[in-house]
Amino acid sequence: IINCRQKLKGVLPLLAALFFCWAGDAFLIYADDNPNYFLFGLAAFLIGHLFYIFSFNRFAEKTSSLLTQKSWILVLPIVYSILLLIILFKGLGDMKLPVIIYASAITIMGIAAINRYKRTETFSFIFVFIGALFFVGSDSLIALNKFHSQIESAPLIIMSTYIIAQYMITTGLLLHINKEEHAE
């Protein structure tokens, strides 16, 4: 029972991230009926990303991070986020502040995924990193479709990239957890 509790405690941040992302999805289903639901969905995803950031840091070895060695790596996700916000800015209206806060969170989530480089098993890093890229891509498509211009087949592309993202991130983190368990 103790070992089971320890395992559950270890995966709680991942489960919380998945739960809040699911809640975000549930709110977005009704966003066309009530604009507040988009904001609620954004908030749920924001909390989900905070749990992902925590998970990415939790499921990595405590060796020196890539960011302390090569902080220039931060430039790419930050530049991408800024460029996307510039493209979206005119269409954001009252949503400027929530979208900027959310964009900051998902950018930090991407940086946290990158920061696992050489601090976990190779496949764990690759899966989480690719998953984070798909998540950023999915959310970018949502933002472009909602605040810039309609994208043909947007719902299909968004959900496909989102499902791949969740699968890759979860699988990558579980690879790290399984490695920890076999090391004990």
Side-chain angles (χ1 to χ4, degrees), residues 14 17-29 31-32 37-57 59-60 66-67 72-92 95-96 98-117 120 122-176:
L14 171 59
L18 292 168
F19 171 79
F20 281 102
C21 289
W22 167 82
D25 283 334
F27 283 121
L28 291 183
I29 289 171
D32 289 340
Y37 283 123
F38 183 81
L39 195 56
F40 297 153
L42 202 63
F45 276 113
L46 173 72
I47 295 168
H49 286 304
L50 295 176
F51 278 109
Y52 271 136
I53 292 164
F54 179 80
S55 296
F56 293 174
N57 290 322
F59 301 123
L66 182 66
L67 300 181
W72 59 267
I73 200 82
L74 294 172
V75 172
L76 293 175
I78 292 170
V79 167
Y80 176 81
S81 183
I82 290 170
L83 289 175
L84 184 60
L85 286 170
I86 289 170
I87 291 168
L88 298 173
F89 203 73
K90 286 192 332 191
L92 292 175
M95 294 294 291
K96 283 183 178 75
V99 170
I100 290 170
I101 291 169
Y102 182 80
S104 299
I106 196 163
T107 300
I108 294 167
M109 187 270 301
I111 290 168
I114 293 167
N115 195 37
R116 297 177 77 247
Y117 181 69
T120 189
T122 302
F123 284 114
S124 175
F125 168 76
I126 290 170
F127 272 71
V128 169
F129 177 68
I130 291 172
L133 288 177
F134 271 95
F135 216 133
V136 169
S138 176
D139 283 1
S140 297
L141 289 170
I142 290 171
L144 288 166
N145 192 56
K146 182 162 183 69
F147 300 115
H148 189 264
S149 58
Q150 293 289 309
I151 298 169
E152 182 138 351
S153 301
L156 176 64
I157 298 167
I158 290 165
M159 284 310 295
S160 298
T161 54
Y162 172 71
I163 290 167
I164 292 168
Q166 294 287 39
Y167 171 79
M168 297 294 284
I169 290 170
T170 302
T171 301
L173 292 176
L174 291 176
L175 285 169
H176 182 91

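Residues take their numbers from the sequence shown, with the count starting at 1.
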Q. Phe45 vs Tyr102 aromatic rings, parallel, tilted or perpendicular, using cut-offs 30° and 60°?
A. perpendicular
Q. Under a 4.5 Å cut-off applied to non-hydrogen side-chain atoms, are Ile130 and Tyr167 in contact?
A. no
Q | Pair Phe59-Leu174, side chain to side chain contact (heavy atoms under 4.5 Å, CB included): steps then yes or no | A | CA-CA 9 Å; Phe59 301 123; Leu174 291 176; over 6 Å; no
Q. Are any of the side-chain heavy atoms of Ile78 and Ile111 separated by less than 4.5 Å?
A. yes
**Q.** Smallest separation among heavy atoms of Gly172 and Ser124, with atom names
**A.** O-OG, 2.6 Å
Q: Just do the side chain to side chain contact (heavy atoms under 4.5 Å, CB included) check on Ile151 and Ile158 with the steps written out, would you?
A: CA-CA 10 Å; Ile151 298 169; Ile158 290 165; over 6 Å; no
Q | Atom of Cys21, atom of Gly48 and distance for their closest heavy-atom approach | A | SG-CA, 4.3 Å
Q. Quick one: NZ on Lys96 to CD1 on Ile101, what's the gap to the nearest 0.5 Å?
A. 14.0 Å
Q) Which one of Phe20, Phe40, Trp22 satisfies the ring-ring contact (aromatic ring centres under 6.0 Å, His included) criterion with Phe27? A) Phe40
Q. Does the side chain to side chain contact (heavy atoms under 4.5 Å, CB included) test come out yes or no for Leu28 and Phe38, once each step is laid out?
A. CA-CA 6 Å; Leu28 291 183; Phe38 183 81; 3.5 Å; yes
**Q.** Student check: side-chain heavy atoms of Phe135 and Tyr162 closer than 4.5 Å
**A.** yes
(Q) Just so I know, are the side chains of Ile169 and Phe56 near enough to count as touching, which here means a heavy-atom distance under 4.5 Å? (A) yes
Q.
Less than 4.5 Å apart, side chain to side chain, heavy atoms only: is that true for Met109 and Ile106?
A. yes
Q.
A side-chain contact here means heavy atoms from C-beta on lying under 4.5 Å apart; do Leu173 and Arg116 qualify?
A. yes
Q: Please step through side chain to side chain contact (heavy atoms under 4.5 Å, CB included) for the pair Leu39 and Met95, ending with a clear verdict.
A: CA-CA 8 Å; Leu39 195 56; Met95 294 294 291; 3.8 Å; yes
Q) Which distance, rounded to the nearest 0.5 Å, do you find between the CG of Leu133 and the CE of Met168? A) 9.5 Å
Q. How long is the gap from CG on Asn145 to CD on Glu152, to the nearest 0.5 Å?
A. 11.0 Å
Q.
List the residues meeting side-chain hydrogen bond (donor to acceptor under 3.5 Å, both in side chains) with Tyr37, not counting sequence neighbours, and say none if there are none.
A. none
Q) Does Leu84 reach the side chain of Leu144, with side-chain heavy atoms less than 4.5 Å apart? A) yes
(Q) With rounding to the nearest 0.5 angstrom, report the CG to NE2 distance, Leu141 to His148. (A) 13.0 Å
Q: Check Ser138 against Thr161 and note the closest heavy-atom contact, atom names and distance.
A: CB-OG1, 3.1 Å
Q: Taking all heavy atoms of Ala132 and all of Ala113, pick out the closest pair and write down the distance.
A: CB-CB, 3.7 Å
Q.
To the nearest 0.5 Å, what is the distance between CG on Leu85 and CG on Leu88?
A. 6.5 Å
Q. Is a side-chain N or O of Thr107 found less than 3.5 angstrom from the main chain of Ala103, in a donor-acceptor match?
A. yes
Q | Heavy-atom side-chain proximity of Leu18 to Tyr52 below 4.5 angstrom | A | yes
Q.
Parallel, tilted or perpendicular, judged at 30° and 60°: which one describes the rings of Phe125 and Phe129?
A. parallel
Q: Calculate, to the nearest 0.5 Å, the distance between atoms CZ and CG belonging to Phe123 and Leu175 respectively.
A: 9.0 Å
